[in-house]
Amino acid sequence: ANTGDDRYVKDLSLARWGRLEIEMAEIEMPGLMALREEYKGKKPLAGARIAGSLHMTIQTAVLIETLVELGADVRWASCNIFSTQDHAAAAIAERGIPVFAYKGETLEEYWEYADAIFHWPNGETANMILDDGGDATMYLQLGEKAEADPNFLGEPKSEEESFLFQTIRNRIKLSPGWFAKAKAAIKGVSEETTTGVMRLYQLAKKGELAFPAINVNDSVTKSKFDNRYGCRESLVDAIRRGTDLMMAGKTAVVCGYGDVGKGSAESLRNAGARVSVTEIDPICALQASMDGFAVVRLEDVINDIDIVVTATGNKDVVTVDHMRTMKHMAIVCNIGHFDNEIQVEALKNFQWTNVKPQVDLVEFPDGNKIILLSEGRLVNLGNANGHPSFVMSASFTNQVLAQIELWTRGDQYENQVYILPKHLDEKVAALHLEKLGANLSELSTEQAEYIGVEQQGPFKAEHYRY
Ligand code: NAI
């Protein structure tokens with residue numbers, strides 16, 4: 001429902017349910033709640049107009065309300081067409097916070113919403129970006145280039161790109177010069193995920209990054225927790241909700257053994273599946289082996305696999321030729337950020353039957369079918385509710401600290417990609433210990449001196465890998 005005042009959500013009447021779950025999540029998000037307490041009455045984000053592009057879930061609602069309590073003005077969209085929890089979006093909309101997101105929005109709407117988060121009703125534009133996957137940042141970067149050179153965009157290479165280009169062209173026609181102005185107004189971006197961070201480093205390398213960026217993903221308390229322990233809980237949850245498949249005894253292969261792959265492989269093993277792993281990096285392959293997973297090549301095992309999961313952040317990992325040879329009713333899904341890990345475009349030529357939202361059967365000419373979850377988009381947010389609140393609290397506490405840093409001291413940074421200092425990483429962890437009943441030991445002065453650290457931390461050198 002378009003309420004006519006910048007609240008594009010599925011159904012506002014879901015707000016009460018959303019509010020109750022937000023209140024439950026707050027109990028599980030001690031880091032965010034501690035920041036609200038620490039900055040009570042101080043409003044460090046006053047004046048910040050944050051364009052937020054991150055899965056509009058219950059946990060994100062707690063993040064949004066924390067940013068607002070710290071003084072920010074926000075406009076929000078989801079960074080995936082399937083990841084919105086409509087009751088969460090409704091609860092945010094009910095508070096009068098502009099939000100543009102519903103589960104199952106079209107790709108056309110997705111890019112319109114990406115545009116909408118930058119426009120304040122009084123004609124002002126956003127001055128901060130909070131991004132997940134880099135689409136909001138890319139929208140401004142591409143738009144500005146297209147504004148300067150009408151031939152820049154060229155022909156779209158996919159359906160998704162055609163809607164992106166269309167939104168950019170509409171905006172240029174409607175408000176010439178807007179992209180340059182909007183990009184210049186941004187003081188900084190904080191980026192949530194591996195894939196978005198990869199895009200930022202590529203921009204910085206080319207000298208095209210237009211504002212300072214904080215890489216939230218590579219805080220230890222983000223990627224070593226959310227990507228890993230989050231997926232350990234949310235992957236199997238998603239496959240079960242999608243298919244109700246008995247996991248015990250099934251054969252599964254996880255492509256990629258980075259942080260997400262490690263959590264995903266463990267998730268499947270904990271459910272009783274027999275799990276193997278594919279890797280291109282010998283270090284991660286060795287880790288997988290020593291964690292007890294067989295390291296295989298996909299083409300050697302694919303015809304004997306019940307479940308294939310991609311977790312690489314790379315493209316074309318599961319090809320249409322792989323999928324043709326899979327067992328009848330094998331499950332294909334992706335937990336990486338973008339759907340291009342699986343060649344879903346190429347599957348469009350075959351017969352699709354929708355079972356329920358985010359579950360499709362794809363039939364090949366020989367009659368064999370596969371079960372495709374969330375059309376290859378990230379399965380834990382498409383078929384389930386993403387990660388649990390507790391682990392998202394650690395991620396989002398880093399996000400809020402990054403926003404405060406960029407907003408209050410952004411002028412001290414260059415247009416490069418930065419990581420939060422270790423003492424803040426340790427602070428995020430510390431804020432989550434009490435909830436778990438963990439009691440930290442303290443260094444004596446002699447001990448601190450002996451291992452060469454300050455008594456109150458940081459406790460590790462920058463090169464330490466956890
Ligand atoms: P990572 O870089 O730690 O791991 C990716 C691994 O895939 C690397 O070890 C790499 O060597 C391997 N890889 C690359 N190409 C490969 C190929 N062709 N075959 C086999 N292995 C290959 O990245 P991380 O943090 O694990 O993230 C992976 C993806 O998941 C990213 O797109 C990230 O944005 C996304 N992500 C998704 C989350 C979710 O909740 N669904 C949560 C966090 C991250």
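Start at 1 and go down the list; that is how both ligands and their atoms are numbered.
Salt bridge annotation for Glu426-Lys460: absent, with no cationic side-chain nitrogen under 4.0 angstrom from a carboxylate oxygen. Ion pair Asp321/Arg324 flagged as a salt bridge, since at least one NZ, NE, NH1 or NH2 atom sits closer than 4.0 Å to an Asp/Glu carboxylate oxygen.
Of the protein's non-hydrogen atoms, the one nearest atom 17 (C) of ligand 1 is Ile280 CG2, 3.7 Å. In terms of protein heavy-atom proximity, atom 1 (P) of ligand 1 is nearest to Gly258 CA, 4.0 Å. The nearest protein atom to atom 25 (O) of ligand 1, hydrogens excluded, is given as Thr194 OG1, 2.7 Å; this is a heavy-atom distance. Remark: minimum distance from atom 20 (C) of ligand 1 to any protein heavy atom is reached at Thr278 OG1, 3.5 Å. The shortest contact between atom 30 (O) of ligand 1 and any protein heavy atom is with Gly336 CA, 3.3 Å. Given atom 15 (N) of ligand 1, the protein heavy atom at minimum distance is Asn314 ND2, 3.1 Å. Scanning the protein heavy atoms around atom 42 (C) of ligand 1, the nearest turns out to be Asp226 OD1, 3.7 Å.
For ligand 1, the polar-atom distance check against Asn217 finds no nitrogen or oxygen pair separated by under 3.5 Å. Taking any N or O of Val260, backbone or side chain, at least one lies under 3.5 Å from an N or O belonging to ligand 1. Considering backbone and side-chain N/O atoms, Thr195 comes within less than 3.5 Å of an N/O atom of ligand 1.
In this structure, the side chain of Glu345 does not engage the main chain of Asn340 through any donor-acceptor pair within 3.5 Å. Proximity of a side-chain donor or acceptor of Lys222 to a complementary backbone N or O of Glu192 within less than 3.5 Å is detected. Without hydrogens or angle criteria, Glu341 side chain to Gly313 main chain gives a donor-acceptor distance under 3.5 Å.
Ser223 does not count as a contact of ligand 1, since none of its heavy atoms falls under 4.0 Å from the ligand. Proximity of Cys284 to ligand 1 is established by a heavy-atom distance of less than 4.0 Å.
Residues passing the salt bridge (Lys or Arg N to Asp or Glu O under 4.0 Å) test with Lys435 are Glu28, sequence neighbours excluded.
Counting heavy atoms under 4.0 Å from ligand 1, residue Thr312 touches it through both backbone and side chain.
Here Phe163 and Phe165 keep their ring centres 6.0 angstrom or further from each other. Side-chain rings of Tyr464 and Phe459 stay apart, their centers remaining 6.0 Å or farther from each other. Taking the six-membered ring for Trp and the full ring otherwise, the centers of Phe179 and Tyr139 sit less than 6.0 Å from each other.
Around atom CG of Leu436, more than 12 heavy atoms belonging to other residues, nucleotides or ligands sit under 6.0 Å away. Under a cut-off of 6.0 angstrom, the local environment of CD in Glu363 is crowded, with over 12 non-hydrogen atoms contributed by other residues, nucleotides or ligands. Met246 CE: 12 or fewer foreign heavy atoms inside a 6.0 Å radius.
Distances from atom 10 (C) of ligand 1 to the heavy atoms of Lys262, Glu341, Glu279, Gln287 show the closest one on Glu279.
The contact set between ligand 1 and Asn380, taken as ligand atoms under 4.0 Å from a residue heavy atom, comprises 39 (C), 40 (O), 41 (N). Within the listing of ligand 1, atoms 5 (C), 28 (C) sit less than 4.0 angstrom from a heavy atom of Ala311. Interface of Asp281 with ligand 1, defined as ligand atoms under 4.0 Å from a residue heavy atom, comprises 11 (O). Remark: ligand 1 atoms within the under-4.0 Å shell around heavy atoms of Ile335 are 30 (O), 37 (C), 38 (C), 39 (C), 41 (N). Close approach of ligand 1 to His387 is summarised as follows: ligand atoms under 4.0 Å from at least one heavy atom of the residue are 40 (O), 42 (C). With ligand atoms numbered from 1 in the order given, ligand 1 contributes 30 (O), 31 (C), 32 (O), 34 (O), 35 (C) to contacts under 4.0 Å with heavy atoms of His337. The ligand atoms of ligand 1 that sit less than 4.0 angstrom from a heavy atom of Thr193 are 33 (C), 34 (O), 35 (C), 36 (N), 43 (C), 44 (C).
For the residue pair Gln358 / Ser374, no side-chain donor-acceptor distance below 3.5 Å is found, with atom types taken as modelled.
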